[in-house]
Amino acid sequence: MTELRAIRAERKPLFASVSAALKREIASGRFAQSDLLPGERELSQMLEVSRTTLRRAIAGLIEEGVLVHRHGAGTFVRRSPPHVEQPLSRLTSFTEDMRLRGLAASSKVIERGAFLPTPEESMMLDIALSEAVFRLSRLRLADGVPMAIERAAVPMRFLGEAERVGDSLYAALEASGYRPVRAVQRLRAVVIGAPEAALLDIPEGSPALDIHRVAYVADGRRVEFTRSTYRSDTYDFVAELTLPPNARQRAEGAQR
Ligand code: 16G
């Protein structure tokens with residue numbers, strides 16, 4: 001605790017020094033990821049600061065996403081999520097992507113079943129409003145850490161029965177002979193609202209990536225429309241860029 005006491009000698013506002021000291025303790029492993037912080041009384045005694053100063057420091061760290069408050073349970077050190085680099089040119093599934101990185105994929109189902117499509121789903125899938133879709137909305141996790149919320153819609157005709165879908169949507173589509181072979185994806189930066197922030201375990205107002213994917217089967221029919229919200233602190237989407245062939249020939253010629 002000598003290090004924590006040294007905060008009194010620093011020339012910052014006291015609460016800022018308390019935040020910095022708590023961050024150092026987290027980085028050093030004294031308070032491990034996912035650990036419950038000691039109670040307010042204990043911490044304020046340890047740090048020799050008032051509870052008001054401590055509360056101010058903790059509130060700041062919650063806002064920064066270093067700590068997380070769970071109702072009725074206390075304040076925890078947030079577990080830092082795995083960082084994933086995702087090539088934008090490969091049409092893979094979440095389960096496959098995580099497996100390739102040695103991470104365990106899991107999901108929490110938010111909504112699942114056969115429904116009539118919304119006007120947006122019917123337009124994006126190019127189907128009639130009367131044609132049923134299988135809708136699967138999930139929170140996707142890697143090694144137990146929330147990474148994304150995905151809301152997928154697939155025309156029922158590609159799946160046969162909803163029961164066919166297990167942990168992986170793409171595995172189910174592959175089993176029924178309709179694995180997507182091509183997809184068009186649109187990415188956009190968004191600011192996260194309260195309900196999604198709570199699911200993703202990040203502070204409200206954090207930046208996130210909003211991704212729309214329309215995927216096609218070999219004969220050109222649309223098989224999937226998925227709207228996803230990805231945590232921007234866990235995902236880097238990486239695209240490889242190439243010159244068109246004629247410009248490439250010119251560039252290579254100039255090098256000779
Ligand atoms: C990916 C896809 C999503 C697809 C899901 C299937 C992006 C942005 N999205 O997460 O469109 O539905 O994989 O995953 O990459 P699953 O087979 O594990 O259910």
Side-chain angles (χ1 to χ4, degrees), residues 81-115 117-118 120-121 123-127 132-190 192 196 199-200 202 207-218 221-240:
H83 202 91
V84 167
E85 222 174 69
Q86 179 65 21
L88 268 177
S89 51
R90 272 213 312 262
L91 185 52
T92 44
S93 74
F94 186 87
T95 309
E96 290 163 343
D97 291 337
M98 296 308 123
R99 193 181 302 136
L100 278 173
R101 292 173 175 85
L103 303 168
S106 61
S107 306
K108 284 188 187 150
V109 175
I110 301 164
E111 183 185 42
R112 179 194 162 110
F115 300 89
T118 62
E120 187 190 24
E121 286 166 347
M123 197 175 74
M124 298 307 279
L125 289 166
D126 198 19
I127 56 169
V133 293
F134 175 68
R135 198 177 298 139
L136 183 58
S137 301
R138 293 172 290 178
L139 175 68
R140 314 292 319 251
L141 305 100
D143 278 355
V145 179
M147 304 287 275
I149 301 165
E150 292 186 336
R151 302 173 190 84
V154 171
M156 277 304 294
R157 64 177 130 128
F158 292 114
L159 284 165
E161 301 152 47
E163 288 69 38
R164 282 220 184 144
V165 182
D167 293 338
S168 165
L169 180 60
Y170 277 19
L173 286 170
E174 178 146 17
S176 54
Y178 293 111
R179 162 98 199 201
V181 297
R182 186 174 79 84
V184 176
Q185 204 160 280
R186 190 171 60 80
L187 282 81
R188 193 160 73 92
V190 288
I192 204 115
E196 294 191 318
L199 280 171
L200 290 171
I202 52 176
L209 283 166
D210 179 66
I211 304 178
H212 283 197
R213 176 182 285 193
V214 176
Y216 301 79
V217 285
R221 281 178 296 167
R222 299 177 183 199
V223 64
E224 173 199 11
F225 169 51
T226 297
R227 288 148 300 161
S228 311
T229 309
Y230 275 72
R231 283 174 63 157
S232 61
D233 58 343
T234 61
Y235 257 80
D236 282 351
F237 286 92
V238 181
E240 185 184 318

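Along the sequence shown, the residues carry numbers beginning at 1. Just so you know, ligand 1 is whichever comes first in the structure, and atom 1 is the first atom listed for that ligand.
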Check your understanding: Strictly by modelled atom types, are E224 and Y170 linked by a side-chain donor-acceptor pair under 3.5 Å?
Key -> yes

Point to revise | Modelled atom types, side-chain donor and acceptor of Q86 and D236, under 3.5 Å | key: no

Study note, to complete from the structure: Contacts of H83 meeting ring pair (Phe, Tyr, Trp, His ring centres under 6.0 Å) (sequence neighbours excluded), chain-then-number -> none

**Study point:** Close aromatic pair by centroid cut-off 6.0 Å: F115 and F134
**Key:** no

Check your understanding: What is the ring orientation for F225 with H212, classed by angle as parallel under 30°, tilted 30 to 60°, or perpendicular over 60°?
Key -> perpendicular

Exercise for review: List the steps and the verdict of ring pair (Phe, Tyr, Trp, His ring centres under 6.0 Å) for Y230 and F237.
Suggested key: CA-CA 10 Å; Y230 275 72; F237 286 92; 5.7 Å; yes

Check your understanding: With hydrogens left out, which residues have an atom under 4.0 Å from ligand 1, given that only heavy atoms count?
Key -> S93, F94, T95, R138, R140, E150, D167, S168, L169, Y170, Q185, I211, R213, E224, T226, Y230

